[in-house]
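The figures here come from the full heavy-atom set of this structure, side chains too, leaving out hydrogens, waters and symmetry mates.
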Amino acid sequence: MNTLLAKFFEYQPQGEYSMLNLAHILIIVLGILTILIGCFFLRKLEHKKVKIILLVCAILGLLIDPIYWIWELCTTGTLHFEQTLPLYFCSLFYMTLAVGVFAKREKVKQACFAYLATFNIFAGLMGLILNNNLNSYPVWSFVGVRTLFFHLLMLFVSALIWFTKYYKPKITDVFTFMIPLGIMFIPALIVDKIWDFDYCYLNGGRGTPIENVSAVLPNAVYIILLYLLIFVATNVVFYIPTIVKYFKERRGGEFGK
């Protein structure tokens with residue numbers, strides 16, 4: 001038993017494993033199905049109860065990184081700042097959720113949940129499926145369980161606020177969902193430039209498919225194109241109904257004059 005527990009928590013950076021193996025794929029499929037089915041049954045939940053669930057999720061999210069830092073210090077004696085700092089797209093999940101749950105100003109809350117309902121889904125899916133941690137660690141390990149649970153939690157929160165209509169899109173959200181990304185962009189850019197890290201993919205998306213594109217472009221052009229793509233893709237996938245409704249209402253108002 002002690003051997004199994006030690007193996008679960010040990011540091012394994014040898015790259016002996018492979019993401020998208022059978023166990024990983026099963027967790028992706030079963031996890032997403034469980035989230036969708038669970039949120040379907042929760043769709044009529046009172047919003048005050050939804051807020052309690054979101055509060056619990058926010059607390060879990062805020063604890064995940066500190067728990068990881070403790071594990072990393074205990075197993076390696078140091079923190080690997082090139083991959084440990086909370087400057088990933090996924091890091092925005094628990095920060096934005098915490099702000100959204102506790103914010104008093106409606107505009108702040110709306111911007112947070114606009115992000116959580118939209119780009120957070122892209123980030124959660126990317127982290128769940130293209131998870132480089134699982135090239136070094138087995139699914140059943142501290143790192144494997146932690147990273148899979150975290151990304152499934154991201155998707156659960158996004159699905160919950162859509163299914164329960166806790167999040168109601170507004171026309172201004174087509175822009176304001178980018179505010180959390182913009183806030184994250186500043187420290188990530190500074191850290192990447194000083195220490196040559198690649199947070200938020202600002203230094204070329206190293207080790208990802210977008211590295212092939214960034215390699216042939218000036219870095220400034222690559223960054224502009226990347227965030228423009230994020231903006232356009234999010235609007236196309238999530239906000240076309242909101243945009244159409246807005247212009248229909250405006251047209252109806254003009255004809256009614």
Colleague: For the side chain of Trp195 and the backbone of Glu82, is there at least one donor-acceptor N/O pair under 3.5 Å apart?
Modeller: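 Looks like no, no N/O pair under 3.5 Å.
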
Colleague: Measuring from atom OG of Ser136 to atom OH of Tyr11, what distance do you get when rounded to the nearest 0.5 angstrom?
Modeller: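 Rounded to the nearest 0.5 Å, the OG-OH separation comes out at 8.0 Å.
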
Colleague: Looking at Cys39 and Ala159, what are the two nearest heavy atoms and their distance?
Modeller: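 Smallest interatomic distance, heavy atoms only, reads SG-CB, 3.7 Å.
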
Colleague: Taking C-beta and beyond as the side chain, do Val108 and Phe102 meet within less than 4.5 Å on heavy atoms?
Modeller: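 Contact flag for Val108/Phe102 side chains = no.
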
Colleague: Should we say atom CH2 of Trp69 is surrounded by more than 12 heavy atoms from elsewhere, each under 6.0 Å from it?
Modeller: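 More than 12 heavy atoms, drawn from other residues, nucleotides or ligands, come within 6.0 Å of this atom.
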
Colleague: Please find the pair of heavy atoms, one from Tyr167 and one from Ala117, that lie closest to each other, and give the distance.
Modeller: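 Distance-wise, the nearest heavy atoms are CD2-CB, 3.4 Å.
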
Colleague: Apply the test side-chain contact (heavy atoms from CB on, under 4.5 Å) to residues Tyr166 and Leu45: give CA-CA distance (whole Å), side-chain angles for both, the deciding distance (0.1 Å), then the verdict.
Modeller: CA-CA 10 Å; Tyr166 191 85; Leu45 198 65; over 6 Å; no

Colleague: Verify, without hydrogens or angle tests, whether Asn135 (side chain) and Met19 (backbone) share a donor-acceptor contact under 3.5 angstrom.
Modeller: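 Between the backbone of Met19 and the side chain of Asn135 there is a qualifying donor-acceptor contact (under 3.5 Å).
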
Colleague: What's the spacing between Ile223 CD1 and Leu189 CG if we round to 0.5 Å?
Modeller: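 Answer rounded to 0.5 Å: 6.0 Å.
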
Colleague: Any side-chain heavy atom of Pro180 sitting closer than 4.5 Å to one from Met95?
Modeller: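 No, their side chains stay 4.5 Å or more apart.
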
Colleague: Under 4.5 Å between side-chain heavy atoms, counting indirect links through other Ile/Leu/Val/Met/Phe/Trp/Tyr residues: same cluster for Met154 and Val237 or not?
Modeller: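 The answer is yes; both residues are in one hydrophobic cluster.
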
Colleague: With a 6.0 Å cut-off on the ring centroids, do Phe238 and Phe122 count as close?
Modeller: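 Phe238 vs Phe122: aromatic centres under 6.0 Å.
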
Colleague: Under the criterion side-chain contact (heavy atoms from CB on, under 4.5 Å), I'd like the reasoning laid out for Phe89 against Leu181: C-alpha separation, chi angles, the key distance, then a yes or no.
Modeller: CA-CA 8 Å; Phe89 289 145; Leu181 282 168; 3.6 Å; yes

Colleague: Measuring centre to centre across the rings, with the benzene-like ring taken for any Trp, is Phe93 within less than 6.0 Å of Phe150?
Modeller: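 Yes.
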
Colleague: Between atom CZ of Arg105 and atom CD of Gln110, what is the distance when rounded to the nearest 0.5 Å?
Modeller: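 It is 13.5 Å, given to the nearest 0.5 Å.
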
Colleague: Should the ring pair Tyr68 and Phe142 be called parallel, tilted or perpendicular, given that the plane angle runs from 0 to 90° and is split at 30 and 60?
Modeller: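 Answer is parallel, since the angle falls under 30°.
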
Colleague: Going by distance alone, is a donor N or O of one side chain under 3.5 Å from an acceptor N or O of the other, for Thr84 and Glu72?
Modeller: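 Yes, a side-chain donor-acceptor pair sits under 3.5 Å.
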
Colleague: What distance separates Ser18 OG from Leu134 CG, expressed to the nearest 0.5 Å?
Modeller: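 Atom-to-atom, Ser18:OG and Leu134:CG are 9.0 Å apart.
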
Colleague: Quick one: does Asn219's side chain get under 4.5 Å of Lys193's, heavy atoms only?
Modeller: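 The answer is yes; the side chains approach within 4.5 Å.
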
Colleague: Taking the six-membered ring for Trp, are Phe231 and Phe175 parallel (under 30°), tilted (30 to 60°) or perpendicular (over 60°)?
Modeller: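 Judged by the thresholds at 30° and 60°, the geometry between Phe231 and Phe175 is parallel.
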
Colleague: Any chain of hydrophobic side-chain contacts (each under 4.5 Å) joining Ile179 to Ile230?
Modeller: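 Ile179 and Ile230: separate clusters.
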
Colleague: Less than 4.5 Å apart, side chain to side chain, heavy atoms only: is that true for Ile171 and Lys245?
Modeller: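 No; the side chains remain at least 4.5 Å from each other.
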
Colleague: A side-chain contact here means heavy atoms from C-beta on lying under 4.5 Å apart; do Thr147 and Tyr137 qualify?
Modeller: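 Counting from C-beta outward, Thr147 and Tyr137 never come under 4.5 Å.
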
Colleague: Report the C-alpha distance between Arg146 and Trp71 in whole Å, list the side-chain angles of each, state the deciding distance to 0.1 Å, and finish with yes or no for side-chain contact (heavy atoms from CB on, under 4.5 Å).
Modeller: CA-CA 11 Å; Arg146 177 245 182 202; Trp71 168 85; over 6 Å; no

Colleague: For Leu54, which of Leu97, Thr164, Leu116 qualifies under side-chain contact (heavy atoms from CB on, under 4.5 Å)?
Modeller: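 Testing Leu54 for a side-chain contact (heavy atoms from CB on, under 4.5 Å) against Leu97, Thr164, Leu116 leaves exactly one candidate, Leu97.
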
Colleague: Measuring from Leu217:CG to Tyr222:OH, what's the distance to the nearest 0.5 Å?
Modeller: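 Result: 9.5 Å between the selected atoms.
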
Colleague: Any idea which heavy atoms bring Asp173 and Thr176 closest together, and the distance?
Modeller: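 Shortest heavy-atom separation between Asp173 and Thr176 comes out as CA-OG1, 3.1 Å.
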
Colleague: If I take atom CD1 from residue Ile35 and atom CZ from residue Phe163, how far apart are they, to the nearest 0.5 angstrom?
Modeller: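 Going from the CD1 atom of Ile35 to the CZ atom of Phe163 covers 10.5 Å.
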
Colleague: Between His24 and Asn131, what is the shortest heavy-atom contact and its length?
Modeller: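 Looks like CE1-CB, 4.4 Å.
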
Colleague: On a heavy-atom basis, which atom in Ala98 and which in Leu62 lie closest, and how many Å separate them?
Modeller: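 Nearest pair, atom of Ala98 first, then Leu62: CB-CD1, 4.0 Å.
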
Colleague: Taking the side chain as C-beta and beyond, is there a heavy-atom pair between Asn21 and Val139 under 4.5 Å?
Modeller: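 Asn21 vs Val139: side chains touch.
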
Colleague: With a 4.5 Å limit on heavy-atom distance, are the side chains of Tyr246 and Pro169 in contact?
Modeller: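 With C-beta onward as the side chain, the pair stays apart.
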
Colleague: Check whether any side-chain heavy atom of Tyr199 lies under 4.5 Å from a side-chain heavy atom of Met184, and answer yes or no.
Modeller: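 The answer is no; the side chains never approach within 4.5 Å.
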
Colleague: Report whether Leu63 and Ile70 are members of the same hydrophobic cluster (ILVMFWY, side-chain heavy atoms less than 4.5 Å apart, transitive linking).
Modeller: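 No; tracing contacts between hydrophobic side chains, which count when under 4.5 Å, never links both residues.
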
Colleague: I need the minimum non-hydrogen distance between Phe81 and Phe197, along with the two atoms involved.
Modeller: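 Looks like O-CE1, 3.6 Å.
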
Colleague: With a 6.0 Å cut-off on the ring centroids, do Phe119 and Phe177 count as close?
Modeller: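 So the answer is no for these two rings.
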
Colleague: Under the side-chain contact (heavy atoms from CB on, under 4.5 Å) criterion, do Asn120 and Phe113 qualify, and how do the steps go?
Modeller: CA-CA 10 Å; Asn120 184 65; Phe113 283 105; over 6 Å; no

Colleague: Are Leu92 and Leu55 connected, step by step, through hydrophobic side chains (Ile, Leu, Val, Met, Phe, Trp, Tyr) whose heavy atoms are closer than 4.5 Å?
Modeller: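 Per the 4.5 Å side-chain linkage, Leu92 and Leu55 are co-clustered.
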
Colleague: Val143 and Leu20: same hydrophobic cluster, using ILVMFWY side-chain contacts below 4.5 Å?
Modeller: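 In one cluster with Val143: Leu20, yes.
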
Colleague: Quick one, Lys7 with Glu10, criterion salt bridge (charged side-chain N to carboxylate O under 4.0 Å, His left out). Give me CA distance, side-chain angles, the key distance, then yes/no.
Modeller: CA-CA 5 Å; Lys7 190 170 181 62; Glu10 73 181 9; 3.8 Å; yes

